[in-house]
Undergrad: 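Let me begin by handing over the structure; questions about it come next.
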Number of protein chains: 2
Amino acid sequence: MENKTENNEAKILNAAKNIFQQKGMTGARMQEIADKAGINKALLHYYYRSKQLLFEAVFNQAFKIIAPKLGAVLNSDLPLFDKIKQFTQGYISFVIEHPYLPGFIIHELNQNPEFAQQLTKKKHFPNIQKFQKQIEQAVKMGEIKPISPNQLFVNIISLTVFPFVGAPLLKGMTNLNDAAYNDLLSSRKTEVSDFIINAIKQEK
Amino acid sequence: MENKTENNEAKILNAAKNIFQQKGMTGARMQEIADKAGINKALLHYYYRSKQLLFEAVFNQAFKIIAPKLGAVLNSDLPLFDKIKQFTQGYISFVIEHPYLPGFIIHELNQNPEFAQQLTKKKHFPNIQKFQKQIEQAVKMGEIKPISPNQLFVNIISLTVFPFVGAPLLKGMTNLNDAAYNDLLSSRKTEVSDFIINAIKQEK
DNA sequence: ACTTTTGCTAACCATTTGGTTAAACTATTT
DNA sequence: AAATAGTTTAACCAAATGGTTAGCAAAAGT
């Protein structure tokens, strides 16, 4: 029975993940989630009480999956260029497997800026201080061209994440079909870090 | 009386713009739009028939504002580096004035990929062929390092747009308050093109 | 065996929501 | 001034939606 329970609770969360990530909090319907999970709508409330709580379960899990992946690499002891390579490669690979995740998180944070504020204080929220220091140091040592750590960080995230969030728009503008666009995304596993390193490395 | 009519129709569109761009199609409420416009809800339907049509009016206007701005610069006759400078500077300045616009468009396109497909065929949809050719040429002439035109284009858009779309997240991660983050965005008017040009320019 | 707890569902409920209607009001035409 | 056409609103409606209830079914505890 524990078995069946876990099964249904997990089925609900999975269905909710699907629907919420695709349609957002306001676009999702409890009935649709129940249908996708193959169970009665009342069971959603049995396990998660309300739409809001079910949503938060989905969101927090999504954030818990995606956030530590940010922090882990950035706080490692790798040299700067290796770190950038590993980060972009790892992150792009990960998001290819979860293409709805960044858009979902970003959209919901835009709806609830206060909610975003709270997240900051959570344990698993990525801390980039070490990375910022490392950049400052690299600038000071003349390894890279002068750049503000925050600007470089924003650039790295933008180049990594935006091609997923803005996929329909970019697909349209580049006039690529789905397959070709996926190829382009895949190439970025190495292209992005090359681009960034070219931009900052100090020629001497 | 023409005056008052135009006033109300415009008031509605403005209110709708505000609400839709902030909350999205599914999050917006007709009553809220009516309240913001200071008129009766029935009047929304008098002028725009349905939520869907009102939404499309807002979306198409938004897209008509933002899209030609893309195409104009990219299809000009400027040298590549100047074009990149002018594009990023112009676009960032523009989006600072309309910070909700990119997120709105991107989110709604993600909800309706078919809708995105249709947009492609509209007159004002930005055409980047000339820009792509220009990049190819610059690579061939050895002015810039080898890079696929589409990859460079995606990089430019990502660096320009994402800091607005992902503002709450980036604000949190960089630990900047609103004012400081706005400063960061403003600096990007020149920082972004510097970064890109450093990344691609051919040292000899 | 039987009692209790836990998992699950059909039917129901209250509120919200997009949309309509009929009438009032205002301006324009004749 | 009377008729006409366009604008605006209060009141209303049907459907959708999140949520609840009461009872059944299946384990688990005794």
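Here is how names work: the chains are called A, B, and so on, in the same order as the sequence lines, proteins then strands, and each is numbered from 1. None of the values given here were measured: they were computed from a predicted structure.
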Undergrad: Which residue pairs satisfy the side-chain hydrogen bond (donor to acceptor under 3.5 Å, both in side chains) criterion with at least one member in residues 90-105 of chain A, sequence neighbours excluded?
TA: none

Undergrad: Which atom pairs, donor and acceptor, lie under 3.5 Å between side-chain atoms of residues 168-176 of chain B and protein residues at least two apart or in another chain?
TA:
{"unit_1": "Lys171(B)", "atom_1": "NZ", "unit_2": "Asp178(B)", "atom_2": "OD1", "d": "3.4"}
{"unit_1": "Thr174(B)", "atom_1": "OG1", "unit_2": "Leu170(B)", "atom_2": "O", "d": "2.7"}
{"unit_1": "Thr174(B)", "atom_1": "OG1", "unit_2": "Lys171(B)", "atom_2": "O", "d": "3.4"}

Undergrad: With a 4.0 Å limit, can you tell me whether Asn8(B) has a side-chain N or O closer than that to the phosphate oxygens OP1/OP2 of dT7(D)?
TA: no

Undergrad: May I have the distance from Lys11(B) (atom NZ) to dT8(D) (atom C1'), rounded to whole angstrom?
TA: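 In whole Å, dT8(D) C1' lies 12 Å from Lys11(B) NZ.
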
Undergrad: Kindly indicate, with the supporting measurements, whether the criterion side-chain contact (heavy atoms from CB on, under 4.5 Å) is fulfilled by Thr160(B) and Phe162(A).
TA: CA-CA 10 Å; Thr160(B) 304; Phe162(A) 187 75; over 6 Å; no

Undergrad: Could you list the residues that satisfy ring pair (Phe, Tyr, Trp, His ring centres under 6.0 Å) with Phe81(B), not counting sequence neighbours?
TA: none

Undergrad: What nucleotide, of dC8(C), dT20(D), dG19(C), holds the atom closest to the side chain of His45(A)?
TA: dT20(D)

Undergrad: Starting at atom CG of Asn40(A), determine the distance to atom P of dC12(C), rounded to an integer number of angstrom.
TA: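 From Asn40(A) CG to dC12(C) P: 14 Å.
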
Undergrad: Without decimals, in angstroms, what is the distance between Ile12(B) CD1 and dG19(C) P?
TA: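 Roughly 14 Å, once rounded to whole Å.
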
Undergrad: Calculate the interatomic distance between Phe55(A) atom CZ and dG18(D) atom P; express it in whole Å.
TA: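 That distance rounds to 14 Å.
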
Undergrad: side-chain hydrogen bond (donor to acceptor under 3.5 Å, both in side chains) with Lys64(A): which residues, sequence neighbours excluded?
TA: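 Partners of Lys64(A) by the side-chain hydrogen bond (donor to acceptor under 3.5 Å, both in side chains) criterion come out as none, since no residue qualifies.
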
Undergrad: Working to the nearest 0.5 Å, report the span between OH of Tyr47(A) and CG of Leu53(A).
TA: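 Spacing of OH (Tyr47(A)) from CG (Leu53(A)) equals 16.0 Å.
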
Undergrad: Mind listing the residues from residues 19-34 of chain B sitting with a heavy atom below 4.0 Å of DNA chain C? Number order is fine.
TA: Ala28(B), Arg29(B), Met30(B)

Undergrad: Considering only heavy atoms and no angle criterion, is a donor-acceptor pair shorter than 3.5 Å present between the side chain of Lys41(B) and the base of dG19(C)?
TA: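 Such a pair is found, so the answer is yes.
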
Undergrad: What's the closest nucleotide to the Ser50(A) side chain, out of dA10(C), dG19(D), dC8(C)?
TA: dG19(D)

Undergrad: Could you check which of dT9(D), dA10(C), dG7(C) has an atom nearest any side-chain atom of Ile39(B)?
TA: dT9(D)

Undergrad: Can you tell me how far C1' of dT17(C) sits from CG of Leu54(B), to the nearest Å?
TA: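 Roughly 15 Å, once rounded to whole Å.
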
Undergrad: For Tyr46(A) and dA25(D), give me the distance from atom OH to atom P, rounded to whole Å.
TA: 17 Å

Undergrad: Could you tell me the separation between the CG atom of Leu44(A) and the C1' atom of dT9(C), rounded to a whole number of Å?
TA: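 Going from Leu44(A) (CG) to dT9(C) (C1'), I get 12 Å.
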
Undergrad: Among pairs that include at least one residue of residues 33-46 of chain A, which meet side-chain hydrogen bond (donor to acceptor under 3.5 Å, both in side chains), considering only residues two or more places apart or in two chains?
TA: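 Every side-chain hydrogen bond (donor to acceptor under 3.5 Å, both in side chains) pair that includes a residue of residues 33-46 of chain A, provided the two are not neighbours, is Gln31(A)-Asp35(A).
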
Undergrad: Whole-Å distance between dT17(C) P and Asp35(B) CG?
TA: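 Roughly 12 Å, once rounded to whole Å.
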
